[in-house]
Enquirer: 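The following block contains the structure, expressed as structure tokens.
Since the model is a prediction, treat every value here as computed from it, not as a measurement.
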Amino acid sequence: MADSGCGCGCGMPPRDAGAQPQSRPVLPVSAASRHSDASHAVAQVMVPAGTFAMGDSSGDRNSADGETPVHPVTIDAFSVDATTVTNDAFATFVDATGYVTEAEQFGYSAVFHLAVEAPRTDILGQAAGTPWWFGVRGASWRQPGGALSSIEDRGDHPAVHVSWNDAQAYCEWAGRRLPTEAEWEYAARGGIERAKYPWGDDEVDEPEWRVNIWQGEFPRVNTLADGFLTTAPVRTFEPNGYGLWQPVGNVWEWCQDWFNPSTYPSAPRDNPVGPADGSARVLRGGSYLCHPSYCNRYRNSARSSNTPDSSMGNAGFRTVAR
């Protein structure tokens, strides 16, 4: 497997460009199979129009990620999923369209080493620089840990092993889209200006766990103080001021924008949509693998990225519409 993307401590490995997909093609979402929002089985909340300070105000920024300068951004009102898209919701899409995800096409996806549920012969290798990530044959949204796992009891968990391209296909079917990076951050802040987290500046364990991240000694020992090794149900902990559940922690969330760490100094101030091109797409929010000692990207302003065809066990998505 290739090196991990964007220097992120969660170590999400990009899809190995040398890997060849299996013979099954991605099935396009035809006009006949597109559904209205009524078939997008995820509750939405409205985020009002407004102006906010985008970027890191806490000093906890990762300089290579381009979290500064803090700059004013004005956003039009939009609806956003209250939660990430769940396994049940993604299954509805797949059942309606016959869509085959990129993880299923390539025949493997990235699984955190403690979450592997597969024969040893299905482990194809480790990510260079982040050996806690294994390429696992058969890992996909249906089998997040590999061939011996399932989502039978995880219908209300985030759909993972979904690439940016897969998320785009879902959005096309649902009549929605991925949030821009600015929309995502504005919604995650929940109306609290310049706060580190969706609930304010109190740390995640004060007075009790507020989010699903790693506790213990990463990447070997997780004490499970928050109750979860991998994903948590999407309505765990408390929603923010706009009604979004777990915009930070749990799973990384794909955004519409191309990633560039030099975006902010010249970004438009009204409804920015990111660079015109690039090689990787923005991910926001951190995941269950974030830990203060290694990856502190479970903050409102934190940024990461990966290639559009990459999939992994700690990334999902939510959708928006204006």
Enquirer: Can you see whether Y108 has R15 sitting over its ring - NZ or CZ less than 6.0 Å from the centre and within 45° of the normal?
Expert: yes
Enquirer: Is it the case that atom CD in E152 sees more than 12 heavy atoms from other parts of the structure closer than 6.0 Å?
Expert: no
Enquirer: Return the CH2 to CD distance between W133 and Q126, rounded to the nearest 0.5 Å.
Expert: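 These two atoms lie 13.0 Å from each other.
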Enquirer: If I take atom CH2 from residue W199 and atom CD1 from residue I192, how far apart are they, to the nearest 0.5 angstrom?
Expert: 10.0 Å
Enquirer: Hey, what do you get for OG1 (T83) to CD (Q44), rounding to the nearest 0.5 Å?
Expert: 9.5 Å
Enquirer: Can you give the donor-acceptor pairs under 3.5 Å from side chains of residues 231-239 to other protein atoms, not counting sequence neighbours?
Expert:
residue, atom, partner, partner atom, Å
T231, OG1, H157, ND1, 2.8
T236, OG1, P233, O, 2.6

Enquirer: Just say parallel, tilted or perpendicular for the rings of W258 and W164, cut-offs at 30° and 60°.
Expert: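 The rings of W258 and W164 lie parallel, inter-plane angle below 30°.
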Enquirer: For T230 versus N212, what's the shortest heavy-atom pair and its separation?
Expert: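 Taking T230 first and N212 second, the nearest heavy atoms are O-ND2, 2.8 Å.
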Enquirer: Hydrophobic clusters here meaning ILVMFWY residues chained together by side-chain heavy-atom distances under 4.5 Å, can you tell me if V85 and V320 are in one?
Expert: no
Enquirer: Do any N or O atoms from the side chain of E193 and from the backbone of A53 form a donor-acceptor pair under 3.5 angstrom?
Expert: yes
Enquirer: Could you tell me the separation between the CD atom of E104 and the OG atom of S140, rounded to the nearest 0.5 Å?
Expert: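 E104 atom CD to S140 atom OG measures 4.5 Å (nearest 0.5 Å).
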Enquirer: If you measure from the Lys or Arg side-chain nitrogens to the Asp or Glu carboxylate oxygens, is any gap between D60 and R299 under 4.0 Å?
Expert: no
Enquirer: Is it the case that the side chain of R281 and the backbone of Q256 share a donor-acceptor pair, with hydrogens and angles ignored and the cut-off at 3.5 Å?
Expert: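 Here the side-chain-to-backbone pair exists.
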Enquirer: How many angstroms lie between OG in S301 and CZ in R194, if you round to the nearest 0.5 Å?
Expert: 11.5 Å
Enquirer: Just one of W184, W254, Y170 clears the ring-ring contact (aromatic ring centres under 6.0 Å, His included) bar with F317, so which one?
Expert: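 Single ring-ring contact (aromatic ring centres under 6.0 Å, His included) partner of F317 among W184, W254, Y170: Y170.
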Enquirer: Starting from Y186, can I reach Y264 by hopping between I/L/V/M/F/W/Y residues whose side chains sit under 4.5 Å apart?
Expert: yes
Enquirer: If every non-hydrogen atom of C171 is compared with every non-hydrogen atom of T319, which pair is closest and at what distance?
Expert: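 Minimum heavy-atom contact is SG-CG2, 3.7 Å.
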Enquirer: Any idea which heavy atoms bring R284 and N300 closest together, and the distance?
Expert: NH1-O, 2.7 Å
Enquirer: For the residue pair F112 and F218, categorise the inter-ring angle as parallel (less than 30°), tilted (30 to 60°) or perpendicular (more than 60°).
Expert: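 The rings of F112 and F218 lie parallel, inter-plane angle below 30°.
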Enquirer: Report yes if the side chains of N306 and M312 come closer than 4.5 Å at any heavy-atom pair, otherwise no.
Expert: yes
Enquirer: Between atom OG of S287 and atom CZ of R297, what is the distance when rounded to the nearest 0.5 Å?
Expert: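 The OG atom of S287 sits 11.0 Å away from the CZ atom of R297.
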Enquirer: Taking the side chain as C-beta and beyond, is there a heavy-atom pair between W209 and Q215 under 4.5 Å?
Expert: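 Yes; the side chains approach each other to less than 4.5 Å.
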Enquirer: Return yes if some donor-acceptor pair links the side-chain N/O of D205 with the main-chain N/O of E208 below 3.5 Å, else return no.
Expert: no
Enquirer: Count I, L, V, M, F, W, Y as connected when their side-chain heavy atoms are under 4.5 Å apart, and connections chain through other members. Are W214 and L283 then in the same cluster?
Expert: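 W214 clusters together with L283.
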Enquirer: Over all heavy atoms of both residues, which pair between L229 and Y288 is shortest? Give the atoms and the distance, please.
Expert: O-CD1, 3.5 Å
Enquirer: Can you get from V251 to F228 by hopping between Ile, Leu, Val, Met, Phe, Trp and Tyr side chains that sit under 4.5 Å apart?
Expert: no
Enquirer: Just wondering, do F90 and W141 contact through their side chains at under 4.5 Å, heavy atoms?
Expert: yes
Enquirer: Scan residues 247-261 for pairs that pass salt bridge (charged side-chain N to carboxylate O under 4.0 Å, His left out), counting only residues two or more places apart or in two chains.
Expert: E253-R318
Enquirer: Check whether any side-chain N or O of N271 sits under 3.5 Å from a backbone N or O of D76 as a donor-acceptor pair, and report yes or no.
Expert: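 Pair found, side chain donor or acceptor close to backbone of D76.
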